Enquirer: 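Sharing a structure here in C-alpha cells format.
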Amino acid sequence: MTTHAPQAAQAVTLPASLDEAVAALAAMPAAVPVAGGTDLMAAVNSGQLRPAALVGLGRISEIRGWQYQDGHALLGAGLTHARMGRPDFAALIPALAAAARAAGPPQIRNAGTLGGNIASAAPTGDALPVLAALEATLIIAGPDGARREIPVSHLLAGVDMLRGGELIGYVRVPLLHAPQVFLKATGRTGPGRAIASVALVLDPARRGVRCAVGAIAPMPLRPLDAEAWVAQLIDWDGERTLVPEALNAFGEYVAAACIPDPVPGEDGSVQPLPPAVLHLRRTVAALARRALGRALS
C-alpha cells in the first residue's frame, strides 16, 4: 500500500520466457522490468518513479533456479534471497547464502531477487561484494535471442551498461569448493542496511585470497594489494593458519586501502580523519580480520 496514489501503469505484460520479456521491453522502450519489486515500489511510493508500463518477470521459471556448468553455477536472475538462503544453496555458495539471509526481514527476502539486487546496484546491496569477490559474470539476454557475457564488476562500475531491451538473465559463479565468508555491520540490531560489509573467499587452486568491501562506496572495493600480501603468508599445503598479528595487519591493510588517509595539504600537513570516517575504517578492519580468521579456521 502507498499513501501517495501513484499514476497507474499504462500496460502490464507478464511474459513466460526470458526472450518474451526482452521482446516486450524492445516493443515498449519506456517499460520497466519488475521481479520482486522491493526497490521499484520504494521508488514509486517516494514519487521518484512513475512507470508508464511494467514487464513482470515473476512467471519466467527458467530464471528462478540454477544449474551446474563447467565448474560453475549458473544462477537464474529470478532467484529470491529466501531461496538462496536455504541449506542446499548454502552448501554450493556459502558466502552468497549468508548475504541472502542478511538481506533484510522475511518479506524482503521472499520477494527480492538476485538480478534485482544487481540491476538496482544500491551500494548497500548485500550480494554485490560477494559477487565481486567471486569474480562472477553476468549473462545478458538481448533482442532476437542474443546473449552476451560481462563481469559483474563492469556493470557496477559503469564500464559496460545494459542496453535498450536487455535483461540480466543469469549469473555465472565459479565453484571454488573452499571456505567463503560474508560479514556485515548495521546501524541497529537485527536485519538492516549495511554500513559496511566484507566478503572473503579462498581460492586454493590459484593460491589466492579474494576480498571485497561493500556499502562504503558506490560499488564494492577490491583491496588487491592486501589480497596478494596475505596470500603469500598462507601455507596452502598445510593447515592454512595465520598468527593473530597477521590477521590484524590484514584488517588494517584492507581498511586503509578502502578508506585511505587524507592527502597532505600544500604545507605538508595532514588533517585527521573525521571521527565518523575513522569509526567506519575501524569497522572495515574488524570485519576483514574476522572474515579471514573464519575462512582459515
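Just so it is clear, the model here is predicted, and its values are computed rather than measured. Only heavy atoms go into these numbers, but all of them, side chains included; no hydrogens, no water, no symmetry mates.
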Enquirer: Would you say Leu14 ends up clustered with Leu18 if hydrophobic residues are merged whenever their side chains have heavy atoms under 4.5 Å apart, either directly or through other cluster members?
Expert: no

Enquirer: Ile234 versus Thr241: any side-chain heavy-atom pair under 4.5 Å?
Expert: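 No. Closest side-chain heavy atoms not under 4.5 Å.
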
Enquirer: Evaluate the side-chain proximity of Ile140 to Arg163: yes if any heavy-atom separation is below 4.5 Å, no if none is.
Expert: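 A side-chain contact is absent here, since even the closest heavy-atom pair is not under 4.5 Å.
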
Enquirer: Quick one: pull up CG in Leu96 and CZ in Arg101 and give me the separation to the nearest 0.5 Å.
Expert: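 Between atom CG of Leu96 and atom CZ of Arg101 there are 10.0 Å.
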
Enquirer: I want to check something: taking the side chain as every heavy atom from C-beta on, are Pro220 and Leu156 in contact at a cut-off of under 4.5 Å?
Expert: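 They are in contact (side-chain heavy atoms under 4.5 Å apart), so the answer is yes.
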
Enquirer: I'd like to know whether CD of Glu149 has more than 12 heavy-atom contacts from other residues, nucleotides or ligands below 6.0 angstrom.
Expert: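 Above 12, so yes.
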
Enquirer: Working to the nearest 0.5 Å, report the span between CG of Leu114 and CZ of Arg64.
Expert: 12.0 Å

Enquirer: Please evaluate residues Leu134 and Arg172 with respect to the criterion side-chain contact (heavy atoms from CB on, under 4.5 Å), reporting the C-alpha separation (whole Å), side-chain torsions for both, the decisive distance (0.1 Å), and the verdict.
Expert: CA-CA 10 Å; Leu134 289 169; Arg172 191 194 307 275; over 6 Å; no

Enquirer: Heavy atoms, side chains only, cut-off 4.5 Å: are Met28 and Thr13 in contact?
Expert: yes

Enquirer: Using a 4.5 Å cut-off on heavy atoms from C-beta on, say whether the side chain of Leu25 contacts that of Pro33.
Expert: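 The answer is yes, as the side chains (C-beta and beyond) meet within the 4.5 Å cut-off.
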
Enquirer: With side-chain contact (heavy atoms from CB on, under 4.5 Å) as the criterion, how do Val173 and Leu75 come out once you've worked through the C-alpha distance, each side chain's angles and the decisive distance to 0.1 Å?
Expert: CA-CA 8 Å; Val173 178; Leu75 311 178; 3.8 Å; yes

Enquirer: Once rounded to the nearest 0.5 Å, what's the spacing between atom NZ of Lys184 and atom CZ of Arg193?
Expert: 9.0 Å

Enquirer: Would you mind reporting whether Pro129 and Phe182 have side-chain heavy atoms less than 4.5 Å apart?
Expert: yes

Enquirer: Within a strict 4.5 Å, meaning less than it, do heavy atoms of the Trp236 and Arg206 side chains meet?
Expert: no

Enquirer: Check whether Asp267 reaches the backbone of Ser269 with its side chain - one donor and one acceptor, N or O, closer than 3.5 Å.
Expert: yes

Enquirer: Test your reading of the model: is there a side-chain donor-acceptor pair from His154 to the backbone of Val152, 3.5 Å cut-off?
Expert: no

Enquirer: Going through the distances and angles, do Tyr68 and Leu74 end up as a side-chain contact (heavy atoms from CB on, under 4.5 Å)?
Expert: CA-CA 6 Å; Tyr68 302 101; Leu74 195 62; over 6 Å; no

Enquirer: In terms of side-chain geometry, is the basic nitrogen of Arg210 or Glu227 positioned less than 4.0 Å from the acidic oxygen of its partner?
Expert: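 Here Arg210 does not pair with Glu227 in a salt bridge, since their nearest N and O are not under 4.0 Å apart.
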
Enquirer: So among Leu162, Leu131, Ile150, Asp160, which one has a side chain to side chain contact (heavy atoms under 4.5 Å, CB included) with Leu138?
Expert: Ile150

Enquirer: State yes or no: are the ring centers of Trp66 and Phe89 separated by less than 6.0 Å?
Expert: yes

Enquirer: Any salt bridge between Asp261 and Arg281, counting N to O under 4.0 Å?
Expert: yes

Enquirer: Between Asp19 and Arg147, does a salt bridge (charged side-chain N to carboxylate O under 4.0 Å, His left out) hold up when you go through it step by step?
Expert: CA-CA 10 Å; Asp19 287 331; Arg147 299 289 187 270; 3.1 Å; yes

Enquirer: With no hydrogens and no angle check, is any side-chain donor or acceptor of Glu20 less than 3.5 Å from a backbone partner on Pro15?
Expert: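 Answer holds: no.
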
Enquirer: Are Arg222 and Glu135 ion-paired here, with the side-chain N under 4.0 Å from a carboxylate O?
Expert: yes

Enquirer: How long is the straight-line distance from CD1 of Ile259 back to CD1 of Ile216, given to the nearest 0.5 Å?
Expert: 4.0 Å

Enquirer: Crowded around Arg148 CZ? As in, over 12 foreign heavy atoms under 6.0 Å?
Expert: yes

Enquirer: Output yes when a side-chain donor or acceptor of Asn110 lies under 3.5 Å from a complementary backbone atom of Pro106, and no otherwise.
Expert: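 The answer is yes, because a donor-acceptor pair under 3.5 Å joins these two groups.
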
Enquirer: Could you tell me if the side chain of Leu57 sits less than 4.5 Å from the side chain of Val55, heavy atoms only?
Expert: yes

Enquirer: Once you round to the nearest 0.5 Å, how far does NE2 of His177 lie from CG of Asp203?
Expert: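 It comes to 11.5 Å.
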
Enquirer: Answer yes or no: are there more than 12 heavy-atom neighbours, outside Gln107 itself, under 6.0 Å from its atom CD?
Expert: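 Enclosed: over 12 neighbouring heavy atoms sit under 6.0 Å from CD of Gln107.
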
Enquirer: Set out, in order, the CA-CA distance, both residues' side-chain angles and the distance that settles side-chain contact (heavy atoms from CB on, under 4.5 Å) for Leu176 and Leu202, then state yes or no.
Expert: CA-CA 8 Å; Leu176 301 178; Leu202 301 184; over 6 Å; no

Enquirer: Do Leu92 and Val171 sit in the same hydrophobic cluster, where Ile, Leu, Val, Met, Phe, Trp and Tyr count as joined when their side-chain heavy atoms come under 4.5 Å apart?
Expert: yes

Enquirer: About how many Å separate CG of Leu233 and CG of Leu296, when rounded to the nearest 0.5 Å?
Expert: 10.5 Å

Enquirer: Please determine whether the number of non-hydrogen atoms from other residues, nucleotides or ligands lying under 6.0 Å from atom CG of Asp88 exceeds 12.
Expert: yes

